[in-house]
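Here the structure comes first, spelled out in structure tokens, and everything after it is commentary.
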Amino acid sequence: QVQLVESGGGLVQAGGSLRLSCAASGRTFSSYAMGWFRQAPGKEREGVSCMGTADASTFYVGSVKGRFTISRDNAKNTVYLQMNSLKPEDTAVYYCAADPNMFVVCGTTGGRVEVWGQGTPVTVSS
């Protein structure tokens, strides 16, 4: 079973950048599609970005297109979310997710995700 540990969250000013990391343990990391979700206070969890396995297909929610980039390094068993031009509305707890089915981690809310990270908070000040 894959286990996920997230890091890289913090406090930044609007327009700044952060890179979130999600380190995975387990023998089958390369077989999992990966996704990033976020949940702001009082809001439902939403899918932010996702990435497939071998084909490296990537998808982004419209509000972050052109600003966020998802990537993975299978040799390091790590997935990243590079966040640039951050806005106050990006403030949320960000969760890494893994599932053998890319459709699951690319879903709107990730309700059927097999493995979740613990979450890392991101706060963007104005």
Side-chain angles (χ1 to χ4, degrees):
Q1 178 69 270
V2 170
Q3 293 181 304
L4 307 175
V5 179
E6 297 174 338
S7 62
L11 173 65
V12 298
Q13 294 183 349
S17 299
L18 283 175
R19 188 182 71 162
L20 306 184
S21 297
C22 177
S25 62
R27 297 181 178 179
T28 58
F29 173 76
S30 62
S31 298
Y32 282 76
M34 304 296 297
W36 288 95
F37 296 79
R38 66 186 180 186
Q39 188 166 24
K43 302 294 181 66
E44 292 186 340
R45 183 175 59 208
E46 68 168 343
V48 177
S49 181
C50 61
M51 188 174 198
T53 54
D55 63 2
S57 298
T58 59
F59 300 91
Y60 302 89
V61 69
S63 60
V64 308
K65 287 181 179 178
R67 300 189 296 119
F68 291 10
T69 303
I70 189 172
S71 62
R72 67 189 295 161
D73 187 336
N74 289 337
K76 297 181 179 179
N77 286 357
T78 302
V79 64
Y80 306 95
L81 185 68
Q82 179 68 46
M83 305 185 295
N84 298 327
S85 301
L86 283 162
K87 304 175 180 180
E89 50 263 45
D90 295 318
T91 296
V93 178
Y94 284 71
Y95 298 89
C96 180
D99 196 276
N101 189 339
M102 183 177 180
F103 178 81
V104 172
V105 297
C106 291
T108 302
T109 63
R112 296 190 294 115
V113 164
E114 181 177 307
V115 184
W116 289 100
Q118 82 283 358
T120 184
V122 171
T123 301
V124 184
S125 65
S126 59

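Here CG of L18 is found 9.0 Å from CG of L11. Values are rounded to the nearest 0.5 Å. To the nearest 0.5 Å, atoms CG (N77) and OG (S25) are separated by 8.5 Å. Between atom CD of residue Q3 and atom CD of residue Q118 there is a gap of 11.0 Å, rounded to the nearest 0.5 Å. Rounding to the nearest 0.5 angstrom, the gap separating the OG1 atom in T58 from the CZ atom in F68 is 14.0 Å. Between the CD atom of Q13 and the OG atom of S126 there is a distance of 9.5 Å, given to the nearest 0.5 Å. Atoms CZ and OG, on R72 and S30 in that order, are 7.0 Å from each other to the nearest 0.5 Å.
The heavy-atom pair separating A98 from V113 by the smallest distance is O-CG1, 3.7 Å. Closest heavy-atom contact between D99 and N101: OD1-N, 2.9 Å. The heavy-atom pair separating K65 from Y60 by the smallest distance is CE-O, 3.2 Å.
Cluster annotation: V122 is connected to M34 through the hydrophobic network of ILVMFWY side chains, with a link wherever side-chain heavy atoms come within less than 4.5 Å. L81 and V115 fall within the same hydrophobic cluster, defined by Ile, Leu, Val, Met, Phe, Trp and Tyr side-chain heavy atoms under 4.5 Å apart, directly or through other members. With hydrophobic clusters built from ILVMFWY side chains whose heavy atoms lie under 4.5 angstrom apart, I70 does not share a cluster with Y95. Linking Ile, Leu, Val, Met, Phe, Trp and Tyr whenever their side-chain heavy atoms come within less than 4.5 Å leaves V64 and V105 in two separate clusters. A single hydrophobic cluster is seen to contain both V2 and L20, as judged by linkage of ILVMFWY side chains at heavy-atom distances under 4.5 Å, directly or through other members.
Within the 4.5 Å cutoff, the side chain of T69 has no heavy atoms near those of the Y80 side chain. The closest side-chain heavy-atom distance from Q82 to S71 is not below 4.5 Å. Contact of the M83 side chain with the W36 side chain is not registered, since no non-hydrogen atoms from C-beta on lie closer than 4.5 Å.
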Give the intermediate values and the outcome of side chain to side chain donor-acceptor pair (under 3.5 Å) for residues E114 and Y32. CA-CA 10 Å; E114 181 177 307; Y32 282 76; 3.0 Å; yes
Please walk me through it: do S17 and N84 pass side chain to side chain donor-acceptor pair (under 3.5 Å)? CA-CA 4 Å; S17 299; N84 298 327; 2.9 Å; yes
Go through the steps for R38 and Y94 under the test side chain to side chain donor-acceptor pair (under 3.5 Å), then give the verdict. CA-CA 4 Å; R38 66 186 180 186; Y94 284 71; 2.9 Å; yes
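No donor-acceptor pair under 3.5 Å is formed between the side chain of T91 and the backbone N or O of E89. Between the R45 side chain and the T109 main chain, a donor and an acceptor come within less than 3.5 Å of each other. The backbone N or O of G9 lies less than 3.5 Å from a partner atom in the side chain of T120, making a donor-acceptor pair. Under the 3.5 Å distance criterion, the side-chain polar atoms of R67 are matched with a main-chain donor or acceptor of S85.
Aromatic pair W116/F37: centroids less than 6.0 angstrom apart.
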